[in-house]
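Written out below as structure tokens is the structure these notes cover.
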Amino acid sequence: MSASSQKKLREIAILATLVVLGFIMLVPLMWTVLLSLKSNSDLLQSTANAFHGPYTGENYAAITKSSGVFRWLMNSVIVSGLQTIGVLVLASLAGYGFARLEFPYRDQIFLLVLFGLAIPEQAVIITRHQLFTGLHLHNSYPGLILPGLAAPFGVFLMTQYFKAIPKELDEAAILDNASRFKIFWKVLLPLTIPAQATLGIFTFLGSWNDYWWPLISATRADMFTLTVGLSASQINFAQTSGLGYLMTQAVFAAVPILIVYIIFQKYIVRAVAGAAIR
Amino acid sequence: MGTQSSRTGGRVSGIEISNVTKAYGATPVLDGVSLSIADNEFVAFLGPSGCGKTTLLRLIAGLEEVDGGEIHINGRRVDQLAPGARGVAMVFQNYALYPHMTVADNLAFGLKNVGIAKAEIDTRIAEAARILEIGEYLGRKPGELSGGQKQRVAIGRAIVKNPDLFLFDEPLSNLDAALRMRTRLELAQLRRRLKATMILVTHDQVEAMTLADRIVVMKDRKIQQVGTPMEIYIRPANVFVAGFVGSPPMNILKVDVDVSGAVVMARLAGGVFKTGVGSAGLPVSAHWRIGLRPETVKVGASGDGLAATVEFVERLGERTLVYTKLADGTPVTAEDAGTSRVKMGDPVGLKIDAGSAHLFDGEGVGYHAPESGE
Ligand SMILES: Nc1ncnc2c1ncn2[C@@H]1O[C@H](COP(=O)(O)OP(=O)(O)OP(=O)(O)O)[C@@H](O)[C@H]1O
Ligand SMILES: [Mg+2]
């Protein structure tokens, strides 16, 4: 067999494996969509009914009327959105500072930030809860948003990114009479857009999917985020009734993420592929 | 230093660097450097790697702060001023173009920052684009340009600022040989057109020799010599300059000197040679060296002149460089005609024209024949 046809065969094998893996990944999603299109009474007989008609949009009609899902969706958008913006702003400024400014104990402070990467949320959650109780921040947007703003990984990423930009650019801009802020804003920041996108996407997804802290902090249903709200809707233990309705909420909750994905597809692929591409 | 005050005595033009020192931490990099550069002069800083050329340039630009000494540009003391306020423009070795801006925006950035009117900016960009022939790239980003084109844009970014002083840090070193030669010519033409003071940092002596009005040779934190290219070549101040400038480098051999006559007689292993250096005023020194440019050492038949063996032959077409070794192992580079027949291992005789030879004392200080006409 020639080398080229051998290579072709290998490519086909890889492709086939990927198709199978991709299909396996898709099964739960398709299952969710199918269930959401069935009437609850149909599903009560057997979930296998999802494989055939009749399909119905009644669950979708129902959530527009009764569910708290819209409120939770809004909460999630607000929390994830503001958290993402906050992380980008703070990490960029901190990254610029660590990469470009000279100040006492800079390297030690940077190390301290990196230590933050090694501390699991579980280790601090009780103290944090007490702190937020004392500050009366539970059941509020600041209460949901603030903890996520401490993003050591973001600071680390942006620091490395700023460091990789040649200093001559700053110097050229200095000779071009640009102020420090202008250099940051007009010369350096635009060059970090790929990193901003990576960090923004990860922060948004992480925040969107965060369950634990909102579960603990938001105890009132009107302050639930989507993740907390959806799990709270699973009232009956074995999911025996209202399954279609539940799945509809899940599909609905996934739509914003899908939109984010479609918009930032290019950057997400790059970020996941190793982020090393400059 | 009252002579440089701009308030008294009208406008003082040119650059005045007096007694500038600089250290990075505990490492001294420049040690009491003083230099005057006239208006519209093109000066090259030449020296081996790490001698502080770039540092001196950056001190003038304001990208580093002086530890001591003063820098004046056109009578104005600038060493305490912000870089942007000094009236200098710099072309960086790696161009340092703003990658996300178009060429036009790259040129305009510095002008917008000081509030120059849009119409004026457009005029200046158009003018620079015409001079540098970059008009068709104005809408492109730096990533879409070749190295030579980026180089022009970087120069353009300096031109539009109408600076008092242009600073170039090894502007040609990132270009391939052919492009470097062309850009060197263009830089020379540009210089004639712009009529501005320019400083070029380079460790390429051909660049320095061909472009500069005067060369500043640096080594070991200090200026070794300042002079026109020919002065530096013909009257090197010391043994370092003599060996650094000129390609192939000057032959430097140990000699005994005889100062009994009007001119110094130099005694080498193969004979006594009459130099052009006057005996009067020569210090007493135990260790003398003689400097002979390869073009003053000709290859002859064996037995005729200094006996040597051919080690290596470099045929350059119009002439041949012959690398030889004397009986005691001292290497000597000699020249022969382009049609030379010498081969490796041949015994040859070296005929020395010592009239233009240089002498260096134990301290390395150079002594030369008086210039013709003197
Ligand atoms: N930021 C810095 N911190 C510490 N030392 C430095 C710094 N910049 C330069 N040096 C040192 O100062 C000396 C002079 O450096 P400089 O860059 O001026 O040399 P140069 O003559 O331009 O050399 P080259 O031809 O290699 O560019 C070198 O020994 C270098 O190691
Ligand atoms: Mg340098």
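Every chain is numbered from 1, with letters handed out A, B, ... down the list of sequences.
- Sparse packing is recorded around OH of A:Tyr105, with 12 or fewer heavy atoms of other residues, nucleotides or ligands lying under 6.0 Å away.
- Every residue two or more places apart in sequence or in another chain that forms a ring-ring contact (aromatic ring centres under 6.0 Å, His included) with A:Phe204 is listed here: A:Trp208.
- When all heavy atoms of B:Ala96 and A:Ala172 are compared, the closest pair comes out as O-CB, 3.9 Å.
- In terms of the side-chain contact (heavy atoms from CB on, under 4.5 Å) criterion, residue partners of A:Ile85 (sequence neighbours excluded) are, by chain and number, A:Val89.
- Using a 4.5 Å cut-off between heavy atoms, B:Ala85 contacts chain A through its backbone alone, with no side-chain atom that close.
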Table up the donor-acceptor pairs between chain A and chain B that sit under 3.5 Å, atom names plus distance.
unit_1: A:Glu171; atom_1: OE1; unit_2: B:Arg58; atom_2: NH1; d: 2.9
unit_1: A:Glu171; atom_1: OE2; unit_2: B:Arg58; atom_2: NH1; d: 3.2
unit_1: A:Glu171; atom_1: OE2; unit_2: B:Arg58; atom_2: NH2; d: 2.7
unit_1: A:Ala172; atom_1: O; unit_2: B:Tyr98; atom_2: OH; d: 3.4
unit_1: A:Ala173; atom_1: N; unit_2: B:Tyr98; atom_2: OH; d: 3.2
unit_1: A:Leu175; atom_1: O; unit_2: B:Lys161; atom_2: NZ; d: 3.2
unit_1: A:Asp176; atom_1: O; unit_2: B:Asn113; atom_2: ND2; d: 2.9
unit_1: A:Asp176; atom_1: OD1; unit_2: B:Lys161; atom_2: NZ; d: 2.6
unit_1: A:Asp176; atom_1: OD2; unit_2: B:Tyr98; atom_2: OH; d: 2.8
unit_1: A:Asn177; atom_1: ND2; unit_2: B:Gly84; atom_2: O; d: 3.1
unit_1: A:Lys182; atom_1: NZ; unit_2: B:Asn113; atom_2: OD1; d: 2.8
unit_1: A:Lys186; atom_1: O; unit_2: B:His100; atom_2: NE2; d: 2.7

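- The two residues B:Pro83 and A:Ile174 make their nearest non-hydrogen contact at CG-CG2, 3.4 Å.
- Heavy atoms of B:Leu111 lying under 4.5 Å from chain A are absent altogether.
- Under the side-chain hydrogen bond (donor to acceptor under 3.5 Å, both in side chains) criterion, no residue pair touches residues 7-18 of chain A, with sequence neighbours excluded.
- Here the closest non-hydrogen pair linking B:Phe109 and A:Ala173 is CE2-CB, 4.1 Å.
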